[in-house]
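Okay, structure first, notes after.
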Amino acid sequence: MNTLIKAEGLSKEYGSGDAVVTALSEAGFTIEEGEFVSIMGESGSGKSTLLSILGGLNSPTRGSLEVGGIDVYGLGSEQRADFRREFLGFVFQNFNLVEYLTIGENVMLPLATTRIAQRTQREMATRALGRVGLEDKIDRLPNQISGGEQERVAVARAVVNDPPLLLADEPTGNLDSRNTGEVMKLLKELNEQGMTVLMVTHSEACAAYANRTMNMADGALAWASPE
């Protein structure tokens, strides 16, 4: 396997002087292509801060990050936006679907700034919805489907351009146990199809789907357990 993510000394601090708060402290690790890695920790432990840095959304105070051999924070803002669009898919706890857009239109949102023809965009959205078992719901609105289905739509939106890396921040946090199981099985299937998955969770049951787990505590990477 090839190394997809290489993090060295990643730190994030807020404030200054005596008011400095350390959200992330000297995190260093590598993640190989095709891994499914979970990041566990209590609220405020730094796991979501780490995920946002890995996603090119939150510049670290110190340290370096390479994804696919690209120095993420060596890029300008426009280049970093291009990087996120091409390399990353994001799944969030609150779905973040646009209520007045159809399911298909929601899934096509990551393609909005590309030069891909509208017809091709819809074909890509249909294919992505097929991967999550919802292609028959493409013309419905978000309020016409269940919460579990909305999260699966969010996953489809994240993978519509088939990115090599999927970042998921508490993807089952608002779901009941049955829908949690369905979403986790879906993430595992995507991983088995070759997508690298990095997931923040507080659930040991969800973390069990991963090949490797990193524990966060007080902004520090406590340990990483092999498969």
Side-chain angles (χ1 to χ4, degrees), residues 36 38 48 51-58 67 77-201 203 206 209:
F36 188 156
S38 64
S48 291
L51 197 71
S52 68
I53 291 175
L54 296 178
L57 297 168
N58 188 0
V67 178
S77 58
E78 290 187 9
Q79 291 174 310
R80 203 179 309 153
D82 291 340
F83 159 78
R84 286 194 296 268
R85 184 174 63 247
E86 295 172 13
F87 271 79
L88 307 177
F90 294 92
V91 181
F92 302 99
Q93 177 177 342
N94 295 320
F95 316 146
N96 290 345
L97 300 183
V98 181
E99 294 180 2
Y100 57 82
L101 297 181
T102 67
I103 297 307
E105 290 168 340
N106 268 282
V107 173
M108 288 189 286
L109 282 175
L111 308 174
T113 58
T114 69
R115 296 181 179 179
I116 299 172
Q118 191 72 18
R119 178 178 177 180
T120 303
Q121 289 188 26
R122 184 172 174 90
E123 290 172 353
M124 293 171 69
T126 302
R127 186 161 57 248
L129 286 167
R131 295 178 79 174
V132 303
L134 291 174
E135 64 268 35
D136 60 330
K137 307 287 180 71
I138 190 168
D139 292 318
R140 294 194 184 185
L141 293 171
N143 64 7
Q144 295 174 323
I145 62 176
S146 70
E149 288 173 330
Q150 288 185 46
E151 185 68 341
R152 284 155 61 192
V153 171
V155 173
R157 180 182 58 196
V159 303
V160 67
N161 60 344
D162 201 26
L165 177 60
L166 181 65
L167 301 176
D169 192 357
E170 298 281 7
T172 63
N174 287 332
L175 302 179
D176 59 26
S177 58
R178 181 179 66 82
N179 283 310
T180 290
E182 289 183 0
V183 169
M184 290 311 305
K185 288 176 183 176
L186 172 59
L187 294 181
K188 189 67 173 178
E189 288 172 4
L190 291 169
N191 173 247
E192 290 171 349
Q193 293 167 12
M195 190 171 291
T196 305
V197 179
L198 189 57
M199 174 186 68
V200 161
T201 183
S203 165
C206 290
Y209 283 84

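Because the structure is a prediction, the values reported are computed rather than measured. The figures that follow rest on heavy atoms only: side chains count, while hydrogens, waters and symmetry mates do not.
Taking CG of Leu97 as the start and CG of Leu109 as the end, the distance is 9.0 Å to the nearest 0.5 Å. Put simply, CG on Leu54 and CG on Leu167 are 6.5 Å apart, with the number rounded to the nearest 0.5 Å. Atom CG of Asn174 and atom CD of Gln150 lie 10.0 Å apart (nearest 0.5 Å). In this structure, OG in Ser146 is found 7.0 Å from CZ in Arg152, a value given to the nearest 0.5 Å. If you take OH on Tyr209 and OG1 on Thr172, they are separated by 9.5 Å, rounding to the nearest 0.5 Å.
Sorted by first and then second residue, the pairs that involve residues 142-151 and meet salt bridge (charged side-chain N to carboxylate O under 4.0 Å, His left out), not counting sequence neighbours, are Lys137-Glu149. Judged as a salt bridge (charged side-chain N to carboxylate O under 4.0 Å, His left out), not a single pair has a partner in residues 102-115 (not counting sequence neighbours). Note on residues 161-175: pairs passing salt bridge (charged side-chain N to carboxylate O under 4.0 Å, His left out), not counting sequence neighbours, are Arg131-Asp162. Counting only residues at least two apart or on different chains, the salt bridge (charged side-chain N to carboxylate O under 4.0 Å, His left out) pairs with a member in residues 79-89 are Asp82-Arg85.
Partners of Gln144 according to the side chain to side chain contact (heavy atoms under 4.5 Å, CB included) rule, which considers only residues two or more places apart in sequence or in another chain, are Arg140, Leu141. Partners of Arg127 by salt bridge (Lys or Arg N to Asp or Glu O under 4.0 Å), not counting sequence neighbours: none found. The side-chain hydrogen bond (donor to acceptor under 3.5 Å, both in side chains) test applied to Asp136 returns no partner, not counting sequence neighbours. Judged as a side-chain hydrogen bond (donor to acceptor under 3.5 Å, both in side chains), and not counting sequence neighbours, the contacts of Arg178 are Glu182. Every residue two or more places apart in sequence or in another chain that forms a side chain to side chain contact (heavy atoms under 4.5 Å, CB included) with Ile138 is listed here: Arg122, Thr126, Leu129. For Asn191, the side chain to side chain contact (heavy atoms under 4.5 Å, CB included) test picks out Phe36, Lys188, Val197, Asn211, with sequence neighbours left out. Remark: Phe83 pairs with Phe87 by the ring-ring contact (aromatic ring centres under 6.0 Å, His included) rule, at least two apart or across chains. Partners of Gln121 under the side chain to side chain contact (heavy atoms under 4.5 Å, CB included) rule, at least two apart in sequence or in another chain, are Met108, Leu111, Thr114, Ile116, Gln118.
Here the closest non-hydrogen pair linking Ala128 and Val160 is CB-CA, 3.9 Å. Residue Val200 comes nearest to Ser48 through the heavy atom pair CG1-OG, 4.2 Å, listed as atom of the first residue, atom of the second, then distance. The shortest non-hydrogen separation linking Leu88 to Gly55 is CD1-O, 3.4 Å. The nearest pair of heavy atoms linking Pro163 to Ala158 is CG-O, 3.4 Å. A pairwise comparison of heavy atoms in Pro142 and Leu101 identifies CD-O, 3.1 Å as the closest pair. The nearest pair of heavy atoms linking Val91 to Ala154 is CG2-O, 4.2 Å.
Residue Val132 forms a side chain to side chain contact (heavy atoms under 4.5 Å, CB included) with just one option from Val183, Val155, Val153, and that option is Val155.
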Show, in sequence, the C-alpha distance, side-chain angles and deciding distance for Leu57 and Phe90, and conclude whether the side-chain contact (heavy atoms from CB on, under 4.5 Å) test is met. CA-CA 11 Å; Leu57 297 168; Phe90 294 92; 3.8 Å; yes

Apply the test side-chain contact (heavy atoms from CB on, under 4.5 Å) to residues Val159 and Leu190: give CA-CA distance (whole Å), side-chain angles for both, the deciding distance (0.1 Å), then the verdict. CA-CA 9 Å; Val159 303; Leu190 291 169; 4.1 Å; yes

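At least one side-chain heavy atom of Leu187 sits under 4.5 Å from a side-chain heavy atom of Pro171.
Residue Glu78 qualifies as open at atom CD: its count of foreign heavy atoms under 6.0 Å is 12 or below.
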